[in-house]
There are 2 protein chains.
Amino acid sequence: MATGRTHRPATRSRGIPEATVARLPLYLRALTALSERSVPTVSSEELAAAAGVNSAKLRKDFSYLGSYGTRGVGYDVEYLVYQISRELGLTQDWPVVIVGIGNLGAALANYGGFASRGFRVAALIDADPAMAGKPVAGIPVQHTDELEKIIQDEGVSIGVIATPAGAAQQVCERLVAAGVTSILNFAPTVLSVPDGVDVRKVDLSIELQILAFHEQRKAGELAAAGTVVPAVAARQESAAARRGTAAGQESVADQGPDGDVPAVMPT
Amino acid sequence: MATGRTHRPATRSRGIPEATVARLPLYLRALTALSERSVPTVSSEELAAAAGVNSAKLRKDFSYLGSYGTRGVGYDVEYLVYQISRELGLTQDWPVVIVGIGNLGAALANYGGFASRGFRVAALIDADPAMAGKPVAGIPVQHTDELEKIIQDEGVSIGVIATPAGAAQQVCERLVAAGVTSILNFAPTVLSVPDGVDVRKVDLSIELQILAFHEQRKAGELAAAGTVVPAVAARQESAAARRGTAAGQESVADQGPDGDVPAVMPT
DNA sequence: GCATGTGAATGCATTCACAGCG
DNA sequence: CGCTGTGAATGCATTCACATGC
């Protein structure tokens with residue numbers, strides 16, 4: 001397995017549903033915005049709208065954390081910010097390492113969202129000796145040889161993998177062996193990890209493919225209904241023009257030899 | 001709403017569950033790898049292992065597409081690759097535009113996974129006039145003024161937003177008005193879109209926060225069990241040392257004025 | 001009165017387990 | 001005989017609707 005879930009029945013402490021956990025950061029962001037505008041209190045309806053969910057769901061989510069609202073009034077913004085931050089573990093400092101400083105790794109290093117909210121880029125690591133010492137986002141890149149040392153010295157438990165797909169599993173194993181127990185994987189590979197290690201995956205091409213599926217269905221439905229949408233017509237024309245072949249089966253799975261693109265891999 | 005789901009009951013055509021759609025790209029990737037190694041046929045068990053799911057789920061997923069396997073044998077790799085590609089709409093060409101060519105936008109433009117699988121970067125768009133004409137990944141950046149023209153000329157229906165959070169909603173509206181109906185959003189904001197437009201969100205800081213939640217719980221459980229994990233101990237020491245304050249509530253939500261980080265925003 | 005908090009109802013998704021077929 | 005394909009069973013997540021309490 002490597003599905004990014006801890007599979008044991010989760011030591012019956014306070015079982016917050018996974019789906020709820022995934023929404024807490026959303027609420028937190030909306031609340032932080034309110035807090036910055038000095039809004040003192042907010043109703044489930046308003047907050048739900050800001051976070052893009054419906055209010056019943058939000059109330060149920062919050063009910064897992066405890067009773068932090070006031071009936072007839074709403075929620076105290078500051079208090080909720082604190083409670084959610086604490087629940088998510090953001091009141092402590094989480095050093096993270098980013099491995100693979102290509103295009104994507106550099107973008108991540110520069111990402112403001114890392115620095116805020118208790119995360120801190122403890123080190124940037126790359127296999128290319130030519131990168132060593134070169135500063136990215138103000139932090140000097142270190143060579144992969146240092147990986148274990150860095151993780152132990154800094155007490156890193158969260159690692160970000162932004163290497164090519166071919167290197168990801170090996171990097172993953174070194175991270176885990178050195179003590180990392182949570183991994184955010186940007187490489188398009190299934191990582192296998194021992195029990196107790198969480199993996200979350202961010203996969204650009206998967207997201208695009210899901211969108212394409214829905215796009216296609218929209219187009220199909222419209223066509224069936226006899227509607228003609230200009231943009232769609234244009235796309236299909238130009239697509240047909242560009243593509244030599246008729247149905248285009250074998251455009252799938254050809255993309256030149258690998259090891260070319262800097263930090264991210266084919267599909 | 002803006003939850004990235006078409007909310008109508010989906011014109012009873014062939015209702016492939018959303019969860020299944022989200023896994024098809026995974027299967028496709030595993031199958032493509034097998035195909036490249038000229039493996040002719042594969043069992044649900046093997047393929048499931050390669051894709052990181054269990055075999056029952058995989059079989060059920062495939063059953064929504066039709067009966068493409070052979071009992072007692074398994075699935076024909078090439079045939080399945082084709083069927084899934086077709087189902088996902090990858091046998092046609094999808095021009096996409098990327099808006100916001102900062103660090104992240106550039107990484108996306110260079111991303112190999114874009115180019116393969118039927119996606120084609122039709123244009124890179126940025127609001128900074130200084131960027132105009134500058135080539136990124138071999139494609140000249142165009143100014144935001146051209147946005148509508150590009151989308152119409154190229155028949156673009158999928159847009160990628162990699163701008164700062166502040167600009168995202170406005171960009172989104174222009175994309176939609178120009179005819180885009182699917183959006184992949186990297187900006188940490190809730191986009192609101194009209195019905196019929198799909199939005200998918202990729203949010204780095206949310207992923208990290210979810211990992212932190214699980215990390216924290218692991219640490220708690222271990223502590224409760226009296227175990228001492230070196231890495232954890234180290235992290236907590238150094239965290240305490242670095243942080244002046246005791247419980248650290250107000251490290252949340254301070255990160256200097258915005259408009260500093262190139263293509264991606266705070267949290 | 002009004003918005004929270006929550007049992008109960010519904011709807012999806014996953015898993016089980018085995019009938020069916022090559 | 002082995003592996004697919006799928007009804008039936010289970011488990012989660014979302015939604016409904018209203019009792020509860022400020």
Side-chain angles (χ1 to χ4, degrees), chain A residues 1-10 12 14-24 26-27 31 34 39-77 79-80 83-84 210, chain B residues 1 3-10 12 14-24 26-27 31 34 39-77 79-80 83-84 87 210:
Chain A
M1 291 271 104
T3 336
R5 261 287 238 86
T6 309
H7 282 298
R8 76 208 114 123
R12 184 71 56 250
R14 218 182 342 160
I16 300 181
E18 192 56 33
T20 296
V21 172
R23 282 188 294 266
L24 291 180
L26 232 69
Y27 302 143
L31 285 164
L34 292 172
V39 177
T41 166
V42 67
S43 73
S44 65
E45 204 71 56
E46 294 163 324
L47 183 54
V53 303
N54 76 49
S55 63
K57 187 146 55 181
L58 177 142
R59 286 201 303 280
K60 174 126 299 191
D61 283 343
F62 285 1
S63 79
Y64 295 115
L65 309 185
S67 286
Y68 295 150
T70 310
R71 288 163 200 250
V73 178
Y75 301 92
D76 181 277
V77 172
Y79 187 56
L80 248 194
Q83 289 299 343
I84 295 180
I210 296 171
Chain B
M1 294 273 100
T3 336
R5 260 288 237 81
T6 311
H7 283 298
R8 78 206 111 124
R12 184 71 56 250
R14 218 182 343 158
I16 300 181
E18 192 57 32
T20 295
V21 172
R23 281 186 296 265
L24 291 180
L26 265 154
Y27 302 143
L31 285 164
L34 292 172
V39 177
T41 165
V42 67
S43 73
S44 65
E45 203 71 54
E46 294 163 325
L47 184 54
V53 303
N54 76 49
S55 62
K57 187 147 53 182
L58 177 142
R59 285 201 302 280
K60 174 126 297 189
D61 283 342
F62 285 0
S63 79
Y64 295 114
L65 309 185
S67 286
Y68 295 148
T70 310
R71 288 163 201 250
V73 179
Y75 301 92
D76 181 277
V77 171
Y79 187 56
L80 248 194
Q83 288 300 341
I84 296 180
E87 197 64 61
I210 295 171

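Protein chains get the first letters and strands the later ones, always in sequence-line order, with residue 1 at the start of each.
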Seminar exercise, completed: Between B:F62 and the options B:Y68, B:Y75, B:Y79, the ring-ring contact (aromatic ring centres under 6.0 Å, His included) test singles out B:Y75
Problem set entry | Donor-acceptor pair present, B:R71 side chain and D:dG2 base, under 3.5 Å | no
For this session: Taking only the side-chain nitrogens and oxygens of A:Y75, find out if one of them lies under 4.0 Å from OP1 or OP2 of C:dG5.
Result: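 Yes, because at least one side-chain N or O of A:Y75 sits under 4.0 Å from OP1 or OP2 of C:dG5.
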Using whole Å, report how far [atom1] of [X] lies from [atom2] of [N].
X: A:N54; N: D:dC16; atom1: CG; atom2: P; answer: 7 Å
X: A:K57; N: D:dC12; atom1: NZ; atom2: P; answer: 18 Å
X: A:R59; N: D:dT20; atom1: CZ; atom2: C1'; answer: 13 Å
X: B:L58; N: C:dT14; atom1: CG; atom2: C1'; answer: 13 Å
X: B:L65; N: D:dT6; atom1: CG; atom2: C1'; answer: 14 Å
X: B:K60; N: C:dA19; atom1: NZ; atom2: C1'; answer: 14 Å
X: A:E45; N: C:dG5; atom1: CD; atom2: P; answer: 14 Å
X: A:Y64; N: D:dA13; atom1: OH; atom2: P; answer: 8 Å

Exercise. Mapping B:G69 and A:T70 onto DNA chain D by nearest heavy atom, which one lands closer to the 5' end?
Worked result: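 Here B:G69 is the residue nearer the 5' end.
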Exercise. How do A:V73 and A:T20 order along DNA chain D: which one's closest nucleotide is nearer the 5' end?
Worked result: A:T20
Do [X] and [Y] have side chains that get closer than 4.5 Å, going by heavy atoms?
X: B:L65; Y: B:Q83; answer: no
X: B:S55; Y: B:R59; answer: yes
X: B:L47; Y: B:L80; answer: yes

Exercise. How would you label the contact of B:F62 with the nucleic acid (heavy atoms, under 4.0 Å): base, sugar-phosphate, or nothing?
Worked result: nothing
For this session: Between C:dG5, D:dG5, D:dT4, spot the one nearest the side chain of B:S67, thanks.
Result: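 Selected nucleotide (nearest to the side chain): D:dG5.
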Problem set entry | Interatomic distance, A:Y27 atom OH to A:L58 atom CG [nearest 0.5 angstrom] |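 The OH atom of A:Y27 sits 4.5 Å away from the CG atom of A:L58.
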